[in-house]
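Everything on this sheet refers to the single structure shown next.
Numbers restart at 1 for each chain; the letters A, B, ... are given by sequence-line order, proteins then strands. Quick note: numbers below take in every heavy atom, side chains included, and nothing from hydrogens, waters or symmetry partners.
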2 protein chains.
Amino acid sequence: MGVFGDQWTLLIIRDLMFKGKKHYGEFSDPAEGIATNILSDRLARLVSDGIIKKDRDPSHGARFVYRLSEKGKDLLPVMLAIVEWSAKYDANTETPPAFLEKLRRDPAALKTEILQALA
Amino acid sequence: MGVFGDQWTLLIIRDLMFKGKKHYGEFSDPAEGIATNILSDRLARLVSDGIIKKDRDPSHGARFVYRLSEKGKDLLPVMLAIVEWSAKYDANTETPPAFLEKLRRDPAALKTEILQALA
DNA sequence: CTGTATCCTTAGGGATACTG
DNA sequence: CAGTATCCCTAAGGATACAG
C-alpha cells in the first residue's frame with residue numbers, strides 16, 4: 001500500500017505509463033519539480049518493490065532504462081481511474097482531451113494500446 | 001492530485017467507503033495507528049477539498065458524522081482498483097475474500113451495493 | 001551527460017495535554 | 001466521549017556537490 005501514499009512515486013509511474021518516459025533525465029525534468037536525490041530514492045524503492053525494472057541502455061553507455069514490470073503495468077487500471085477522477089474534479093489537470101475522449105469511448109482499446117506501447 | 005499522495009487520507013477514505021465508519025472515534029481506533037492530531041488535520045483537509053461532509057449527529061449532541069460527498073463517492077473506482085491490485089500483490093492485505101470474490105464476479109453489482117450503503 | 005551522497009532546513013507526525 | 005492545539009523530534013526533501 002505504501003506505493004500510493006507518495007506523490008513522487010505516483011508521478012514517476014504516471015510518466016512511465018502515459019508519457020513514454022524511460023530515462024533519469026526525463027523524470028528529473030525541472031517541470032516535474034522533483035529533486036534528484038528524491039528521484040534516485042524513489043526509483044530505487046520502485047525497483048526493490050518490483051514495480052519497475054532498471055536495465056542498461058544498450059545504445060548509450062552509462063545510461064539506464066527504466067520500465068514498468070508486469071506488476072507495475074497492472075497498476076494501469078488504478079492510474080486510469082485516477083486520471084478520470086482528476087479530469088472531472090481537478091481543475092488544473094493537464095490530461096489531453098483526446099486521451100480522455102478515448103478513455104471514455106473505449107477504455108479497453110485504450111488499455112491495450114498503452115500496454116502495447118509499454119511492451 | 002494531492003489526495004492520493006497521502007496514506008492517511010487514503011486510509012480514511014477506505015474506512016468511509018468500505019468499512020462503514022462515520023465517527024471520529026472509529027477512525028482514531030488504535031488499530032489504524034493514526035494520531036489524533038493528524039486525523040483532525042486530514043478530516044479538515046478532506047472537508048475543504050469537498051471530498052467529505054461533516055454534519056452534526058442528530059442523535060448524539062457533540063458528535064459529528066463524516067460522510068463521503070458525491071465527489072468522494074466518485075473515488076470508488078479508484079479505490080476498487082487499488083483493492084484489486086493490492087490483493088494480487090500485497091501479501092498482507094486484509095481484504096475479505098468474499099469481497100474480492102464479488103468484485104471479480106460482478107463489479108457493477110458490488111459498486112451499486114456500496115453506493116447504496118453510503119446513501 | 002547519468003546517477004548518488006551530503007548538508008541542512010522545514011514540515012510531518014507521534015505523544016500527550018487540553019477544551020467542550 | 002469528540003475534537004483541537006502544543007511540544008518536540010525525526011525524517012522527508014530541496015539545494016547542491018560529487019562520482020562515473
Side-chain angles (χ1 to χ4, degrees), chain A residues 1-17 19-69 72 118, chain B residues 1-17 19-69 72 118:
Chain A
M1 224 297 280
V3 182
F4 307 104
D6 180 68
Q7 57 159 323
W8 298 126
T9 301
L10 252 14
L11 262 190
I12 293 171
I13 293 174
R14 188 202 55 174
D15 285 354
L16 281 164
M17 201 168 262
K19 302 199 171 180
K21 297 194 180 178
K22 288 179 165 48
H23 303 288
Y24 197 92
E26 298 175 298
F27 301 121
S28 73
D29 176 49
E32 299 287 338
I34 183 170
T36 60
N37 58 340
I38 306 302
L39 175 57
S40 181
D41 176 82
R42 293 306 190 276
L43 285 173
R45 213 180 283 197
L46 283 166
V47 168
S48 108
D49 286 350
I51 291 174
I52 68 176
K53 294 168 298 162
K54 175 182 186 176
D55 298 305
R56 289 218 160 275
D57 186 333
S59 48
H60 303 65
R63 187 191 235 194
F64 288 93
V65 179
Y66 298 92
R67 272 172 305 178
L68 290 165
S69 66
L118 291 176
Chain B
M1 226 295 281
V3 183
F4 306 104
D6 180 68
Q7 55 158 327
W8 297 126
T9 302
L10 252 14
L11 262 190
I12 293 170
I13 293 174
R14 188 201 55 172
D15 285 353
L16 281 163
M17 201 168 262
K19 302 198 171 181
K21 296 193 180 178
K22 289 179 162 51
H23 304 289
Y24 197 92
E26 296 174 300
F27 302 120
S28 74
D29 176 49
E32 298 287 337
I34 183 170
T36 59
N37 58 339
I38 305 302
L39 174 57
S40 181
D41 175 83
R42 293 306 189 278
L43 286 173
R45 214 180 281 197
L46 282 166
V47 168
S48 108
D49 287 348
I51 291 173
I52 67 176
K53 296 168 295 159
K54 175 182 185 177
D55 299 304
R56 290 218 159 274
D57 186 333
S59 46
H60 303 65
R63 185 192 235 194
F64 289 93
V65 178
Y66 298 91
R67 270 173 305 176
L68 290 164
S69 66
L118 291 176

Checklist entry - Which whole-number value in Å describes the distance from B/H23 NE2 to D/dC1 C1'? => result 12 Å

Next on the checklist: Between P on D/dA2 and CG on B/D57, what's the gap in Å once rounded to a whole number?
Outcome noted: 10 Å

Checklist entry - Near B/R67 CZ, under 6.0 Å, is it more than 12 heavy atoms from other residues, nucleotides or ligands? => result no

Checklist entry - Can you check the A/D55 CG to C/dT2 P distance for me, whole Å? => result 17 Å

Item to check | Under 4.0 Å protein heavy-atom contacts per nucleotide of nucleotides 6-20 of chain C, with B for base, S for backbone only and - for none | outcome: B------BBBB----

Checklist entry - Roughly how far apart are B/I38 CD1 and B/S28 OG, rounded to 0.5 Å? => result 13.0 Å

Checklist entry - Quick one: A/I12 CD1 to D/dG13 C1', roughly how many Å, whole number? => result 13 Å

Next on the checklist: Whether A/K54 contacts C/dT4 is assessed here as follows: a side-chain N or O lying under 4.0 Å from the phosphate OP1 or OP2. Is that the case?
Outcome noted: yes

Checklist entry - Would you call A/D41-A/R45 a salt bridge at under 4.0 Å N-O? => result yes

Checklist entry - Please give, in whole Å, the distance from C/dT2 P to A/D29 CG? => result 11 Å

Item to check | Check: A/E32 side chain, A/D29 main-chain N or O, donor-acceptor pair, under 3.5 Å | outcome: no

Item to check | B/R56 CZ - D/dA2 P separation (whole Å) | outcome: 13 Å

Item to check | Spacing between B/D41 atom CG and D/dT6 atom C1', to the nearest angstrom | outcome: 14 Å

Checklist entry - When the ring planes of B/Y66 and B/Y24 are compared, do they come out parallel, tilted or perpendicular, using 30° and 60° as the limits? => result tilted

Item to check | Protein-nucleotide distance (A/E26, atom CD; C/dT2, atom P), rounded to Å | outcome: 9 Å

Item to check | Note, A/F27 side chain near A/L11 side chain (heavy atom, < 4.5 Å) | outcome: no

Checklist entry - Counting any heavy atom closer than 4.0 Å, what does A/Y66 reach on the DNA or RNA strands: base, sugar-phosphate only, or nothing? => result sugar-phosphate

